[in-house]
Amino acid sequence: MTNKHEKVLFQLVQDEDGYPPDDYESLWALPSGSNYEIDNIPFFVQGISYGDIVEADNVNDELWFRSVVKKSDNSTLRVICFDTSKVIEVRNHLSSLGCSSELSHIEGLFAVDIPENCDYSTIQKYLDQKEQEDILEYEEASIRH
């Protein structure tokens, strides 16, 4: 029998510019005992990565994040491409370095999962170069490397 995905909700705090654009983010998770294993890449939540085990409280039939039980060895980045025609190129290059990514509903924005066996310095050098070329900006949301 396979586990059924559930949504775990994470409260977000907006900055003075209204970012992130929502009050909460929901992440897919698989039940793991009495906890939940995060099964997608966060777009806005800080300090959470794919594969983390989290506790959640059931509030009115919704699961709300309480705490991290066990951190995975994966890291999470967020990338915004100013030239949206470059998104595929950047995502493909990151994929060739062993990373997976998910597109956001916000044009040009995607989240990147960096598995523990990837060389983070190579990924960082590539993104730094693209940042210097004014193609993108990136944010380190959860670094475990």
Side-chain angles (χ1 to χ4, degrees), residues 2-57 62-145:
T2 60
N3 285 334
K4 180 181 165 234
H5 278 93
E6 300 195 44
K7 288 282 190 173
V8 176
L9 303 172
F10 291 75
Q11 188 70 46
L12 300 174
V13 177
Q14 293 181 325
D15 64 17
E16 61 278 354
D17 297 325
Y19 183 85
D22 294 306
D23 295 328
Y24 68 91
E25 179 174 9
S26 63
L27 299 178
W28 285 112
L30 290 167
S32 177
S34 62
N35 299 309
Y36 300 89
E37 181 176 351
I38 300 301
D39 196 38
N40 71 284
I41 311 167
F43 287 108
F44 304 113
V45 176
Q46 294 288 334
I48 299 292
S49 289
Y50 177 86
D52 286 0
I53 306 292
V54 301
E55 280 183 296
D57 295 319
E62 293 180 323
L63 294 172
W64 284 91
F65 169 77
R66 181 182 337 145
S67 65
V68 175
V69 174
K70 182 179 181 213
K71 294 179 179 181
S72 71
D73 291 324
N74 294 20
S75 293
T76 303
L77 298 177
R78 285 185 266 281
V79 177
I80 183 81
C81 283
F82 305 122
D83 178 353
T84 56
S85 71
K86 300 287 187 185
V87 169
I88 293 171
E89 172 189 324
V90 173
R91 289 182 74 207
N92 285 343
H93 187 80
L94 291 170
S95 178
S96 76
L97 297 175
C99 302
S100 60
S101 61
E102 293 184 26
L103 284 172
S104 168
H105 64 287
I106 298 171
E107 191 174 27
L109 177 67
F110 58 96
V112 180
D113 174 58
I114 306 170
E116 67 176 301
N117 61 344
C118 290
D119 180 8
Y120 183 63
S121 64
T122 300
I123 294 161
Q124 195 173 32
K125 284 178 192 169
Y126 170 73
L127 291 173
D128 286 346
Q129 174 190 344
K130 295 299 177 189
E131 201 168 52
Q132 289 173 0
E133 296 170 12
D134 288 327
I135 292 172
L136 58 80
E137 281 185 4
Y138 73 98
E139 172 186 46
E140 296 176 326
S142 177
I143 301 302
R144 314 252 169 90
H145 282 78

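For this chain, numbers begin at 1 and follow the sequence in order.
- Rounding to the nearest 0.5 Å places NE2 of H145 at 7.5 Å from CG of N117.
- Separation of atoms OG (S96) and CZ (R91) is listed at 13.0 Å; rounding is to 0.5 Å.
- Nearest heavy-atom pair across F82 and D134 is CD1-O, 3.5 Å.
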Practice item. Show the numbers, then the answer: is there a salt bridge (Lys or Arg N to Asp or Glu O under 4.0 Å) between E89 and K130? Key: CA-CA 11 Å; E89 172 189 324; K130 295 299 177 189; 3.8 Å; yes
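- Here I143 contributes atom CD1 and L77 contributes atom CG; the two are 5.0 Å apart, rounded to the nearest 0.5 Å.
- A donor-acceptor distance shorter than 3.5 angstrom exists from the side chain of S49 to the backbone of N74, with no hydrogens or angles considered.
- No donor-acceptor distance shorter than 3.5 angstrom exists from the side chain of S67 to the backbone of E55, with no hydrogens or angles considered.
- With sequence neighbours excluded, no residue satisfies salt bridge (charged side-chain N to carboxylate O under 4.0 Å, His left out) with K70.
- Judged by distance alone, with hydrogens and angles left aside, the side-chain atoms of H93 form no donor-acceptor pair with the main-chain N or O of I123 at under 3.5 Å.
- Atom CG of L136 is separated from atom OG1 of T84 by 12.5 Å, given to the nearest 0.5 angstrom.
- Of the inter-residue distances, the one linking D57 atom CG with F65 atom CZ reads 10.0 Å to the nearest 0.5 angstrom.
- For the residue pair Y50 and E102, no side-chain donor N or O sits within less than 3.5 Å of a side-chain acceptor on the partner.
- Between the R144 side chain and the S72 main chain, a donor and an acceptor come within less than 3.5 Å of each other.
- Without hydrogens or angle criteria, Q14 side chain to Y19 main chain gives no donor-acceptor distance under 3.5 Å.
- Between atom OG1 of residue T76 and atom CD1 of residue I41 there is a gap of 7.0 Å, rounded to the nearest 0.5 Å.
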N/O donor to acceptor pairs below 3.5 angstrom from side-chain atoms of residues 21-35, sequence neighbours left out:
unit_1: E25; atom_1: OE1; unit_2: F44; atom_2: N; d: 2.8
unit_1: E25; atom_1: OE1; unit_2: V45; atom_2: N; d: 2.9
unit_1: E25; atom_1: OE2; unit_2: F43; atom_2: N; d: 2.7

